[in-house]
2 protein chains.
Amino acid sequence: MSLDIDSALQLRRNQSLTSIIRHELEQMIERGELSAGERLNENALAAKLGVSRGPIREACRGLEQSGLVNVIVNRGVFIRALDGREAAELYEIRAALYGLAGRLLAPIVTDQQIAILTGYVEEMDAAMAAGDLNSFYPGNLRFHEAIVEFGGNTRLAAECAAIHREMHLLRRRTLDMPGRMATSNDEHRAILERIAARDPIGAEAALEEHVLISRSALFGPLGHYPDA
Amino acid sequence: MSLDIDSALQLRRNQSLTSIIRHELEQMIERGELSAGERLNENALAAKLGVSRGPIREACRGLEQSGLVNVIVNRGVFIRALDGREAAELYEIRAALYGLAGRLLAPIVTDQQIAILTGYVEEMDAAMAAGDLNSFYPGNLRFHEAIVEFGGNTRLAAECAAIHREMHLLRRRTLDMPGRMATSNDEHRAILERIAARDPIGAEAALEEHVLISRSALFGPLGHYPDA
DNA sequence: CTTTTGCTGATTGTCAACAGTTTAAGATTC
DNA sequence: GAATCTTAAACTGTTGACAATCAGCAAAAG
């Protein structure tokens with residue numbers, strides 16, 4: 001019984017209102033409840049969450065630094081809108097980071113980790129066969145998360161997660177296109193195969209290519225920036 | 001005359017106390033006036049800067065998100081200390097990002113940009129000949145900054161700058177070792193040569209190697225983590 | 001009719017005060 | 001003398017209030 005109390009206290013102990021609110025706002029952005037360009041009203045948010053404006057302002061300063069919102073002095077904080085150029089830039093960085101993750105993982109991957117990754121790919125196969133995008137997406141997410149985590153560079157994992165969060169500022173999602181599911185999972189299989197072969201260079205190349213193909217699916221084959 | 005007024009207004013227009021304080025704290029960390037592990041006293045800082053605690057707390061939440069400080073609930077904000085593992089992780093990421101920058105720049109570099117980069121290398125040569133570390137360091141900084149900026153990915157440039165700021169949390173600096181200056185500039189010359197040859201792969205490799213050699217100079221030839 | 005000027009309400013920036021927690025020093029016990 | 005308990009000072013978390021700024025609209029000037 002005291003477990004609940006303890007865990008609640010533990011939660012309260014290293015989470016201030018600020019961090020709770022920041023996390024809540026991050027999730028609202030991830031779920032698309034806050035759309036790009038929208039303005040956050042401090043008073044309204046404070047009233048809605050039952051807190052004062054102080055913690056909300058602090059949370060917004062954190063979000064600003066992680067690129068999720070834009071703060072304009074005396075005008076407020078706005079959910080950041082990624083234009084085509086910024087999105088393309090982010091994809092380039094993401095490709096390099098995932099490539100690094102694959103290169104790090106390949107030499108040290110364990111058989112158990114390979115099994116886990118294989119499981120994710122098979123999950124995605126099943127989702128694909130059922131045409132179920134809603135269960136494909138989380139599998140896809142966990143597959144990529146696992147690769148960067150197994151790679152052992154915890155900071156890299158955090159950085160990839162941050163970029164992933166920022167990607168939600170894009171309205172169109174690559175995977176929204178049903179046709180992309182099949183080819184995407186083919187690429188996953190290729191990535192997995194190179195990792196299982198303990199081939200750092202091959203894994204790096206496969207992951208970079210995978211991300212850049214995603215970008216192409218969004219921007220067209222040239223990876224060109226739609227709006228300057 | 002109105003130029004001064006305009007620029008002053010412009011300054012005041014997009015700089016709140018929070019952003020000014022954050023910038024000031026970043027610079028204090030960069031200059032080493034705040035050393036790793038040290039605690040920031042909100043009251044003392046507020047008194048010293050002549051503001052209230054609100055803007056200071058907001059600035060600290062920004063610094064927290066960019067990894068420069070560590071916030072512990074009810075205990076305060078502490079200048080973050082990079083242990084060996086975290087530093088090594090950061091070097092790995094940095095190597096990948098600079099490699100990307102070089103790969104991006106090589107195909108599009110202009111003759112004028114090559115001239116600028118050459119100028120930096122020659123500046124560093126002069127500083128080296130004079131044994132003047134204090135003028136070698138800024139040249140080194142500008143050389144790397146220029147490469148990521150000329151590469152055209154502004155977000156990548158911002159990310160590299162953020163990582164560079166975070167590196168100042170390390171006490172020992174690679175370039176502190178005088179013997180490293182000469183070899184370091186040899187590497188710069190190799191990087192420049194590959195960029196001038198419009199060779200993306202070569203430039204990427206040269207930049208990655210340069211960063212990883214810096215890491216070795218810090219951690220020993222194996223790039224191994226001194227403290228777990 | 002268009003442009004400018006002057007309000008009004010809403011919203012943000014900043015501050016000072018209060019409540020709860022941590023820290024550290026002093027008192028007490030063994 | 002060492003360890004533990006007590007207590008007060010210091011500090012952080014949070015709040016509500018005040019000042020400054022901005023957006024929108026109506027009235028006046030051209």
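In this text the structure is predicted, and so the values were computed from the model without any measurement. Just so it is clear: chains get the letters A, B, ... in the order the sequence lines come, proteins before strands, and each one is counted from 1.
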Original post:
For B:Arg165, which residues count as a side chain to side chain donor-acceptor pair (under 3.5 Å) partner, sequence neighbours excluded?
Top reply: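 Scan of B:Arg165 (side chain to side chain donor-acceptor pair (under 3.5 Å), adjacent residues dropped) gives none.
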Subject >> A:Gln65: side chain to side chain donor-acceptor pair (under 3.5 Å) partners, not counting sequence neighbours >> reply: B:Arg22
Original post:
If you count the non-hydrogen atoms of other residues, nucleotides and ligands that lie under 6.0 Å from CD in B:Gln112, is the total more than 12?
Top reply: no
Original post:
So does B:Glu209 have more than 12 non-hydrogen atoms from other groups sitting under 6.0 Å from CD?
Top reply: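 Counting neighbours around CD of B:Glu209, 12 or fewer heavy atoms of other residues, nucleotides or ligands fall under 6.0 Å, so no.
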Subject >> Phosphate-side-chain proximity, A:Arg39 and C:dT12, N/O vs OP1/OP2 below 4.0 Å >> reply: yes
Subject >> For DNA chain D, the dot-bracket pattern of Watson-Crick and G-U pairs whose distances stay under 3.5 Å, | for other-strand partners >> reply: ||||||||||||||||||||||||||||||
Original post:
In residues 51-66 of chain A, which residues come under 4.0 Å of DNA chain C by heavy atom?
Top reply: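 When residues 51-66 of chain A is checked for heavy atoms under 4.0 Å from DNA chain C, the hits, listed by number, are A:Arg53, A:Arg57, A:Arg61.
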**OP:** Specify the residues of residues 40-48 of chain A, ordered by number, for which at least one heavy atom lies under 4.0 angstrom from an atom of DNA chain C.
**Re:** A:Leu40, A:Asn41, A:Glu42, A:Asn43
Subject >> Closest non-hydrogen atom pair between B:Ala203 and B:Ile195, with its separation >> reply: CB-CG1, 3.9 Å
Subject >> Value in whole Å for how far the C1' atom of C:dT21 lies from CG of B:Asn74 >> reply: 5 Å
**OP:** Please state how far atom CG in B:Leu17 lies from atom C1' in D:dA20, giving the value in whole angstrom units.
**Re:** 12 Å
Original post:
Which nucleotide sits closest to the side chain of B:Arg75: C:dT22, D:dA23, C:dT14?
Top reply: C:dT22
Subject >> Validation row, ring centre B:His144 to ring centre B:His210 under 6.0 Å >> reply: yes
**OP:** Answer yes when A:Arg31 and A:Glu24 have at least one side-chain N-carboxylate O distance shorter than 4.0 Å, and no when they do not.
**Re:** yes
**OP:** State, without any angle test, whether B:Ser66 and B:Glu166 hold a side-chain donor-acceptor pair at a distance under 3.5 Å.
**Re:**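 There is no such pair (donor and acceptor under 3.5 Å, judged by atom type) between the side chains of B:Ser66 and B:Glu166.
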**OP:** Starting at CD of A:Glu89, measure out to OG1 of B:Thr154 and round the result to the nearest 0.5 Å.
**Re:**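 Result: 3.5 Å between the selected atoms.
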Subject >> B:Arg53: partners by side chain to side chain contact (heavy atoms under 4.5 Å, CB included), with sequence neighbours left out >> reply: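 So B:Arg53 forms a side chain to side chain contact (heavy atoms under 4.5 Å, CB included) with B:Glu42, B:Asn43, B:Ala46, B:Arg57.
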